[in-house]
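Let me begin by presenting the structure, written as structure tokens, before commenting on it.
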Amino acid sequence: MEQLMKDFFLFLSKNKTLNAAAKKWGLRFGASRVVAGETIAEAINTVRQLNQKGLVCTLDHLGEFVYSVEEANESADYCIKTLEAIHQSGVDCNLSLKMTQLGLDISRELCMNNMRRILDAAKKNGNIFVRIDMEDYAHNEVTLEILDELLQDYDNVGTVIQAYLYKSADDIEKLKEKKVNLRLVKGAYKESPEVAFPNKADVDENYKKIIKQHLLNGCYAAIATHDDNIIAYVKQLEKEYNIPRTQFEFQMLYGIRPQSQVELAREGYKMRVYVPYGNDWYGYFMRRLAERPANVAFVIKGLFSK
């Protein structure tokens with residue numbers, strides 16, 4: 001039943017008609033629990049509140065289905081405005097983005113030009129770190145190729161490695177020499193068993209494997225998880241191999257397990273909250289529901305509340 005619910009919400013996340021309608025609805029159905037507003041000002045205000053609790057952040061301007069050069073350039077412009085707002089407000093925050101928003105599916109050159117504009121703006125505004133979110137498997141290899149090219153000119157950029165892909169350990173090994181700052185995740189897209197572990201237990205084991213691999217390679221790791229077993233495993237690695245806390249951080253999603261976030265920060269760990277915002281919230285919200293079907297209850301409640 002849970003797998004059926006997951007597949008259902010992943011299917012809904014790709015519905016373009018609902019996605020377009022959601023932009024007109026505003027944050028509805030409980031989405032405000034996991035999306036920090038529709039404007040940059042609302043997002044910065046949320047980040048400031050989280051900073052006051054000892055949490056650092058990364059902002060992500062949500063977006064799906066970019067079809068034109070104009071839309072791609074507008075997305076890049078919005079990323080630049082976000083970087084300027086982070087710098088001007090003085091909040092402790094990075095930027096996360098998806099390259100499909102920047103025109104990757106239209107033209108690699110367009111996407112690369114937008115990435116360079118964003119990274120130049122990040123340098124100019126206090127050398128803010130920019131994380132390229134990993135998307136589905138179809139975009140995996142090209143994302144790593146673009147990252148490799150960008151690393152020749154920029155030191156404030158990194159990406160994400162997904163534990164559910166068979167190739168992830170090899171990818172980490174290839175990136176070892178460049179000491180790339182990687183966010184390590186389990187993975188949230190529906191992928192073929194030809195490229196990804198179909199069983200959760202195998203994903204969990206591979207997740208532990210790549211966390212250990214990346215940390216023992218001496219590289220910076222952002223471990224993005226809400227799983228207590230994984231958090232305990234990282235703490236165990238820290239003690240066993242004397243890994244300094246300056247070499248890793250934990251990351252969690254805005255609105256998910258907020259008390260655990262504060263507790264990790266109080267224990268002296270760097271705890272970064274992934275804070276999404278914008279009016280294109282629908283696809284993101286559906287994927288979160290697919291991950292946590294238990295959250296459906298607050299969606300149903302949202303349908304009947306003003």
Side-chain angles (χ1 to χ4, degrees), residues 22-23 26-27 31-64 66 69-104 110-133 150 153-160 181 183 222 224 249 251-256 258 261-262 265 270-285 288:
K23 290 181 183 179
L27 288 174
S32 60
R33 282 181 50 165
V34 294
V35 178
E38 296 189 75
T39 67
I40 293 176
E42 287 171 328
I44 292 291
N45 186 51
T46 296
V47 169
R48 189 177 288 111
Q49 291 172 19
L50 292 166
N51 283 174
Q52 287 167 358
K53 295 178 181 178
L55 306 168
V56 295
C57 296
T58 186
L59 273 175
D60 176 20
H61 181 238
L62 296 172
E64 312 264 337
V66 169
V69 172
E70 292 73 26
E71 285 178 310
N73 289 336
E74 281 173 17
S75 288
D77 291 343
Y78 218 89
C79 286
I80 291 166
K81 287 177 190 170
T82 303
L83 289 165
E84 290 168 349
I86 290 169
H87 183 59
Q88 288 162 11
S89 65
V91 294
D92 192 337
C93 190
N94 295 342
L95 178 75
S96 293
L97 56 79
K98 289 180 173 59
M99 289 201 297
T100 52
Q101 277 181 265
L102 307 178
L104 182 58
L110 170 66
C111 179
M112 183 62 85
N113 288 342
N114 279 329
M115 276 303 308
R116 289 187 180 278
R117 284 205 296 133
I118 290 164
L119 290 170
D120 286 340
K123 283 272 188 193
K124 183 180 168 186
N125 286 280
N127 201 32
I128 297 167
F129 182 79
V130 177
R131 175 87 59 196
I132 300 169
D133 287 345
L150 291 170
D153 299 311
Y154 302 95
D155 63 358
N156 60 329
V157 63
T159 191
V160 179
N181 177 330
R183 179 195 291 147
E249 65 187 51
Q251 294 192 356
M252 292 189 191
L253 299 171
Y254 174 67
I256 308 291
Q261 296 174 13
V262 171
K270 181 176 274 192
M271 173 63 235
R272 191 175 303 278
V273 184
Y274 181 96
V275 181
Y277 76 99
N279 69 348
D280 203 353
W281 52 268
Y282 172 81
Y284 173 84
F285 184 46
R288 297 293 75 77

### Message
So if I apply the side-chain contact (heavy atoms from CB on, under 4.5 Å) rule between Asn114 and each of Leu102, Leu104, Asp77, which one comes out positive?
### Response
Leu102
With a 4.5 Å limit on heavy-atom distance, are the side chains of [X] and [Y] in contact?
| X | Y | answer |
| --- | --- | --- |
| Lys123 | Asp155 | yes |
| Gln52 | Arg48 | yes |
| Glu74 | Val66 | no |
| Thr46 | Val273 | no |

Indicate whether the side chain of [X] and that of [Y] have a donor and an acceptor atom separated by less than 3.5 Å.
| X | Y | value |
| --- | --- | --- |
| Thr58 | Arg183 | no |
| Asn113 | Arg116 | no |
| Thr82 | Tyr277 | yes |

Non-hydrogen atoms of [X] and [Y] that approach each other most closely:
| X | Y | value |
| --- | --- | --- |
| Leu50 | Tyr254 | CD1-CD1, 4.2 Å |
| Leu62 | Pro276 | CD2-CB, 3.6 Å |
| Ile128 | Cys93 | CG2-O, 3.7 Å |
| Ile256 | Gln261 | O-NE2, 2.8 Å |
| Ala122 | Leu83 | N-CD1, 3.7 Å |
| Ala265 | Gly54 | CB-O, 3.6 Å |

Test item: [X] side-chain N/O and [Y] main-chain N/O as donor-acceptor pair under 3.5 Å:
| X | Y | answer |
| --- | --- | --- |
| Asn125 | His87 | no |
| Asn51 | Asp92 | yes |
| Glu71 | Gln101 | no |

What's the separation between atom [atom1] in [X] and atom [atom2] in [Y], rounded to the nearest 0.5 Å?
| X | Y | atom1 | atom2 | result |
| --- | --- | --- | --- | --- |
| Glu249 | Arg272 | CD | CZ | 4.0 Å |
| Asp60 | Tyr274 | CG | OH | 3.0 Å |
| Ile86 | Leu59 | CD1 | CG | 5.0 Å |
| Met99 | Met112 | CE | CE | 7.5 Å |
| Lys98 | Ser75 | NZ | OG | 11.5 Å |
| His61 | Thr39 | NE2 | OG1 | 9.5 Å |

